[in-house]
Structures are given as C-alpha cells and as structure tokens.
Amino acid sequence: MIKSSRFLLYTLLGSLFIISLIGMLVYGYKTFYIEKKALSEKEYDYHFALVSEEVDNEYWRLIEAGAKQFAEEHNIYLEYIGPQRANNEQLLNLLDRMIAVKVDGIITQGVEGERFARLALKGAERGIPIITVDTDVNSSVRKAYVGTDNFHAGELIGQAIIENTKGKQAIGVVMGRYDGINQQERMKGLEAAIKEEERLEIVAIAESNITQVGAAQATYSLLKEHPHITTMVGTSALDGIGIVEAVEEIAPNRGLYIVAFDILLETLALLEAERIDATIVQFPEEMGYQAMKAMRDLQFHELIDTKIMTETQVLEKATLDLLQQGDAK
Ligand code: BGC
C-alpha cells in the first residue's frame with residue numbers, strides 16, 4: 001500500500017518536472033526568438049559611437065541628447081559610452097575598443113597626450129573618422145572639432161569680473177581638471193582677459209575632478225588658505241554648484257562674486273536666487289547634434305569646415321529675467 005502510493009507520488013512529481021521543463025524550453029525559446037527577430041529587423045544605416053568624459057555627467061547627457069535626436073532623424077545607431085568617473089586612460093581604452101569593433105565613426109572628447117593622437121591616426125588608417133566634441137586636440141588628425149571656443153569662453157569669465165566688480169579682487173579658481181585641454185584653454189583666456197587689469201589677480205587654483213563634491217572641497221581649501229579671496233570662478237559644469245555649497249557654509253556673509261560655467265538646471269536656479277552672479281553658457285545639445293551631422297557628412301565626403309564652433313555667452317540674472325518675461329508673453 002505504502003509502496004504503491006510512493007510510486008504514485010514519484011510519478012506525479014516526475015510528470016510535473018517534465019511538463020515544466022517543456023514549458024521552460026518552449027517559452028524560453030519564444031522569448032529569445034522574439035528578441036533576436038526584433039534586433040535584426042531594425043536595420044540602421046550607420047553605427048556611430050559617442051565617447052564622453054564621464055558617462056553619467058549631466059552635461060554629457062545633454063550632448064548625448066542632441067546626438068540622439070540626430071540619430072533618430074537619420075536612422076543611425078548611436079552607442080553612448082564613457083568612464084564612470086573622468087579618467088583619460090579609460091576613455092582612451094574605450095576609444096581603442098570602438099576602433100577595434102569597426103564602428104562607422106567616433107565622436108569623442110579630445111584628451112591630452114600622445115596616445116590620443118596615435119588613436120586618431122589608427123582610426124583614420126582604418127577608415128574610421130574621429131571627430132572631437134567639447135574639447136579639441138588641434139594637433140591630431142581628427143576630422144573636425146565641434147564645440148565651444150574655450151579660450152574665448154575664458155575671456156568671457158574675465159570680462160564679467162571686470163564689468164561687475166569694483167576695487168581689488170583676489171580670484172580663486174576651481175578648475176574641472178588640470179589636464180583637461182578645454183579647462184587649460186579657459187584658464188588661458190581668463191588670464192589674457194585680466195592681464196591689463198591691475199586690480200585683478202588670480203591668487204590660487206584648485207581642481208574639482210568635475211564633481212560637485214570635488215568643487216565644494218576645492219573651495220573649502222581655497223578659502224581657508226586664502227581668506228582674502230573676493231571672487232570665485234568655476235570652469236566646468238558642476239563647479240559653480242559646489243562653490244556655492246562651500247561658500248554658504250564657511251563664508252556666507254563675505255559677498256563673494258561668483259562666476260560659474262554652463263546652465264545646468266541647478267546653476268540656473270542659483271543664478272535666479274542671486275547666489276551665483278554670472279555663468280558662461282555653452283550649448284551641449286547643439287554640439288551633439290552638429291557633431292553627428294558632421295559625422296554623417298563624412299560618410300560621403302571630406303568636410304570643408306573642420307572647426308564647427310557652437311555659441312558661447314555670459315548669462316546674468318538680469319538677462320535671465322528678460323528671457324523669462326519673453327517666454328511668459
Ligand atoms: C566642460 C566639459 C566637462 C563638464 C563637466 C563642461 O563645462 O565643457 O568638458 O566634462 O563641464 O561637468
């Protein structure tokens with residue numbers, strides 16, 4: 001009796017196992033099959049890669065958005081990649097990998113050093129055009145640069161300080177990265193613009209590593225070591241936000257003049273609240289869009305214009321108010 005019910009139980013369990021195994025195979029195959037079909041059904045004309053300085057950085061996400069828009073309009077597959085945290089070696093490894101997988105074109109931030117130039121050459125030799133976006137490496141064989149005139153952007157910082165401050169100014173600068181070519185160009189532009197102004201002097205520079213936390217820490221140490229600082233400048237997108245965070249904690253009543261970079265939403269809110277005095281506007285979405293357009297053109301012919309400059313300007317609260325009034329009408 002016991003033996004036969006145990007036999008029955010085993011038979012039942014065995015059948016259940018076989019039924020679920022068959023189900024798993026059938027449905028598993030179906031899912032797999034559908035996915036494969038969906039992927040192969042969409043045929044793209046080109047496969048481009050966009051290599052960013054830092055994959056989740058808000059500013060680079062705007063470049064990606066512009067690039068994506070062009071990709072969608074022109075049936076292009078866009079692969080957006082970049083290091084988790086800004087790191088030249090990792091960026092260059094990604095660039096090398098994109099050359100190895102033979103994408104049709106690579107849009108990348110330009111970085112300092114020999115290896116970038118060698119990779120641009122390697123790409124060119126294999127028929128893979130490389131375009132720099134946001135930061136150029138003029139000396140490389142990249143096919144074009146799309147982005148801000150960074151020297152001029154630095155000059156604009158200087159002009160804003162000259163026009164809006166009075167008397168002696170000790171300037172503290174938070175730079176995104178010391179080895180960022182665009183950051184160096186912005187510094188040169190700033191220095192050139194204030195060279196003739198005796199009342200203005202850059203007293204110290206610190207690095208933020210293009211993070212808000214880094215910018216706050218850089219500001220703490222600048223203000224501690226140089227308590228006579230009267231103007232603070234940030235040269236990359238999250239620097240202004242970090243500067244305000246630190247200033248409001250350790251020097252809230254000093255009335256520092258603060259110039260930021262870019263118009264991320266938080267920077268605009270700080271400008272609106274008069275906690276930042278001016279910011280330098282770049283157009284990252286436009287850069288992404290124009291870089292993709294240039295890359296698509298390169299699939300047909302060489303470019304006549306190899307420096308495609310997007311606009312740059314100073315934004316102050318007064319202009320922001322005017323713009324908002326215009327929007328309300
Ligand atoms: C710069 C980028 C940088 C970003 C960092 C921008 O101002 O143009 O090179 O990656 O700031 O947040």
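Counting starts at 1 for both ligands and their atoms, following the listed order.
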Go through the structure and list residues passing ring-ring contact (aromatic ring centres under 6.0 Å, His included) with Tyr44, not counting sequence neighbours.
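Tyr77.
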Supply the atom-to-atom distance [X] [atom1] to [Y] [atom2], rounded to the nearest 0.5 angstrom.
X	Y	atom1	atom2	result
Gln290	Phe70	CD	CZ	8.5 Å
Met187	Tyr178	CE	OH	9.5 Å
Asp149	Gln282	CG	CD	10.5 Å
Ile202	Ile194	CD1	CD1	4.0 Å

Close residues, ligand 1: non-hydrogen atom nearer than 4.0 Å:
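Answer by chain and number: Glu53, Asn57, Tyr59, Trp60, Gln109, Asp134, Asn182, Arg186, Ile210, Ser236, Ala237, Phe261, Asp262, Gln282.
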Side chains of Asp134 and Asn182 only: does a donor on one sit below 3.5 Å from an acceptor on the other?
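Looking only at side-chain atoms, Asn182 and Asp134 do form a donor-acceptor pair, the distance falling under 3.5 Å.
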